[in-house]
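Heads up: numbering here begins at 1 and tracks the sequence.
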Amino acid sequence: MSTRTRESSRAASEDTRNQLKAAAQMLFARHGVDAVTVQQIVSAAGQRNNAALHYHFGSKEELIRQLVVDGATVLDERRRGMLAGIEARGGPASIREILHVLVMPVIELADDECWRGYIRFTSILQASDRKTLRAALNNRWNTGYVACFGYLKRMLPLPEKLLEQRLTLFSIYANAVLSAREAALESKSRSDRLWDQAFTIDNMLDTMEAMITSPPSAPTLAKLPSGRS
């Protein structure tokens, strides 16, 4: 086989892999991971039989893992770069600055059509199979995310148990809002009064900041295990 033929074969193989990934990502985003079959992925990618997916990925589970890592790598690189800039200036000056690092890379990713569906796909996976998501990230592809939460834990003056729960609720809320925005971007045939406002992203950040910085109420504090703040 000539060098040109081998290069052409590798390019065709890479194209097929990318088509399968793109098809799977969008199907998972729209229907959920468990509801999508290998046959549906193969058909959506324009391939003839299921062997294509098994040849390139070995299994649906490995395809899922690679999809998670692909997007997480992009997000983590962006977050780490933003954090490096903040740390070079002496560290974060506000909660809002850290929320900006957490949220803006996700918004940038969703705005890129090549990644459309990734946010919903990973949000669904986090809700339905967190073990698989964590195994894919392997404490390697989310270091920027973890660093941001480390800052939030140090900066928020809340009792430990409330803080842990509030940050978990914040993650659920942020995933839901960002997924809804991504879904709206997918169907841009008409104007959307919710998402098309100039202040939308800033207002989203406002609600997220309010959620984690709001002082706990007296009834909440009274129900802490210790009964104290």
Side-chain angles (χ1 to χ4, degrees), residues 64-112 115 118-182 201-217 220-221 223-226 228-229:
I64 290 169
R65 188 195 70 79
Q66 290 192 30
L67 283 175
V68 170
V69 170
D70 286 351
T73 302
V74 175
L75 290 172
D76 197 48
E77 181 178 357
R78 176 68 174 130
R79 284 182 176 133
R80 287 189 291 108
M82 294 172 74
L83 284 173
I86 290 172
E87 289 158 1
R89 298 192 298 271
S94 65
I95 296 292
R96 183 62 164 246
E97 198 169 14
I98 296 301
L99 293 184
H100 200 266
V101 177
L102 282 169
V103 173
M104 292 311 297
V106 181
I107 289 175
E108 292 166 4
L109 198 76
D111 287 343
D112 185 340
W115 292 102
Y118 181 81
I119 308 307
R120 282 168 289 164
F121 154 58
T122 51
S123 294
I124 289 170
L125 192 61
Q126 184 178 45
S128 64
D129 192 354
R130 186 174 295 184
K131 182 178 179 181
T132 293
L133 180 63
R134 287 179 173 174
L137 294 171
N138 196 27
N139 293 321
R140 180 181 178 186
W141 309 111
N142 62 342
T143 56
Y145 182 89
V146 172
C148 285
F149 273 74
Y151 275 120
L152 291 177
K153 288 176 181 179
R154 292 191 291 273
M155 295 170 76
L156 287 167
L158 292 170
E160 182 179 358
K161 288 184 178 296
L162 288 185
L163 178 59
E164 291 289 343
Q165 186 181 71
R166 190 171 289 194
L167 290 178
T168 299
L169 292 172
F170 159 76
S171 295
I172 295 169
Y173 170 71
N175 282 337
V177 172
L178 293 168
S179 293
R181 179 180 180 274
E182 184 190 65
I201 291 174
D202 290 299
N203 200 25
M204 285 168 52
L205 287 166
D206 289 346
T207 64
M208 293 176 191
E209 185 174 8
M211 180 177 186
I212 61 174
T213 60
S214 174
S217 67
T220 299
L221 290 173
K223 291 175 182 174
L224 282 173
S226 65
R228 303 190 305 274
S229 61

* To do: Determine whether Val69 and Arg140 make a side-chain contact, defined as any pair of heavy atoms from C-beta on separated by less than 4.5 Å.
  => no

Problem - Residues, nucleotides or ligands: over 12 heavy atoms within 6.0 Å of Glu108 CD - result: yes

Within the structure provided, determine whether Leu221 and Leu224 are in side-chain contact (heavy-atom separation under 4.5 Å).
yes

So CD1 of Ile107 and CG of Asp112: to nearest 0.5 Å the spacing works out to 14.0 Å

Check for a donor-acceptor pair, side chain of Glu182 on one end and backbone N or O of Ile119 on the other, with a separation under 3.5 Å.
yes

Taken in chain and number order and not counting sequence neighbours, the residues that satisfy side chain to side chain donor-acceptor pair (under 3.5 Å) with Ser214 are none

Quiz prompt | Donor-acceptor contact below 3.5 Å, side chain Arg181 vs main chain Val177 | solution = no

_Is it the case that the side chain of Glu164 and the backbone of Glu160 share a donor-acceptor pair, with hydrogens and angles ignored and the cut-off at 3.5 Å?_
no

**Prompt:** Can you check side chain to side chain contact (heavy atoms under 4.5 Å, CB included) on Glu97 and Arg89, steps first, answer last?
**Reply:** CA-CA 12 Å; Glu97 198 169 14; Arg89 298 192 298 271; 3.0 Å; yes

Less than 4.5 Å apart, any side-chain heavy atom of Arg79 and any of Asn142? no

*Can you check side chain to side chain contact (heavy atoms under 4.5 Å, CB included) on Arg166 and Leu163, steps first, answer last?*
CA-CA 5 Å; Arg166 190 171 289 194; Leu163 178 59; 5.5 Å; no

Here the gap from Leu152 atom CG to Phe170 atom CZ, rounded to the nearest 0.5 Å, amounts to 7.0 Å

side-chain contact (heavy atoms from CB on, under 4.5 Å) filter on Glu87, not counting sequence neighbours, yields Leu83, Tyr151

- Message: Is the shortest side-chain heavy-atom distance between Gln126 and Arg134 below 4.5 Å?
- Response: no

Q: May I ask you to decide if Ser171's main-chain N or O and Asn175's side chain share a donor-acceptor pair within less than 3.5 Å?
A: yes

Self-check item: Neighbour count >12 (heavy atoms, 6.0 Å) for atom CG, Asp202
Solution: yes

Correct closest heavy-atom pair for Val68 and Phe121 would be CG2-CZ, 3.8 Å

Donor-acceptor pair, side chain of Asp129 and main chain of Thr132, under 3.5 angstrom | yes

Run the numbers on Trp115 and Val106 for side chain to side chain contact (heavy atoms under 4.5 Å, CB included), then give the verdict.
-> CA-CA 10 Å; Trp115 292 102; Val106 181; over 6 Å; no

Hits for side chain to side chain donor-acceptor pair (under 3.5 Å) against Ser128, two or more places apart or cross-chain, chain-then-number order -> none

Test log, rule side chain to side chain contact (heavy atoms under 4.5 Å, CB included), inputs Thr73 and Arg78
CA-CA 9 Å; Thr73 302; Arg78 176 68 174 130; over 6 Å; no

CE (Met208) and OG1 (Thr213) are apart, to the nearest 0.5 Å, by 13.0 Å

Rounding to 0.5 Å, atoms CG (Leu205) and CG (Leu99) come to a distance of 6.5 Å

*Mark yes or no for whether Arg130, through its side chain, and Leu125, through its backbone, hold a donor-acceptor pair below 3.5 Å.*
no

Residues Pro105 and Leu75: closest non-hydrogen pair is O-CD2, 3.4 Å

Less than 4.5 Å apart, side chain to side chain, heavy atoms only: is that true for Ile201 and Met104? yes

Note to self: Between Tyr173 (side chain only) and Met211 (backbone N and O only), is there a donor and an acceptor less than 3.5 Å apart?
What the structure shows: no

In this structure, CG of Leu156 is separated from CG of Leu167 (nearest 0.5 Å) by 6.5 Å

So CZ of Arg96 and CG of Asp206: to nearest 0.5 Å the spacing works out to 4.5 Å

*Under the 3.5 angstrom rule, does the side chain of Thr220 hit a backbone N or O of Pro216 as a donor-acceptor pair?*
no

| field | Backbone N/O of Gly144 and side chain of Asp76: donor-acceptor pair under 3.5 Å | value | yes

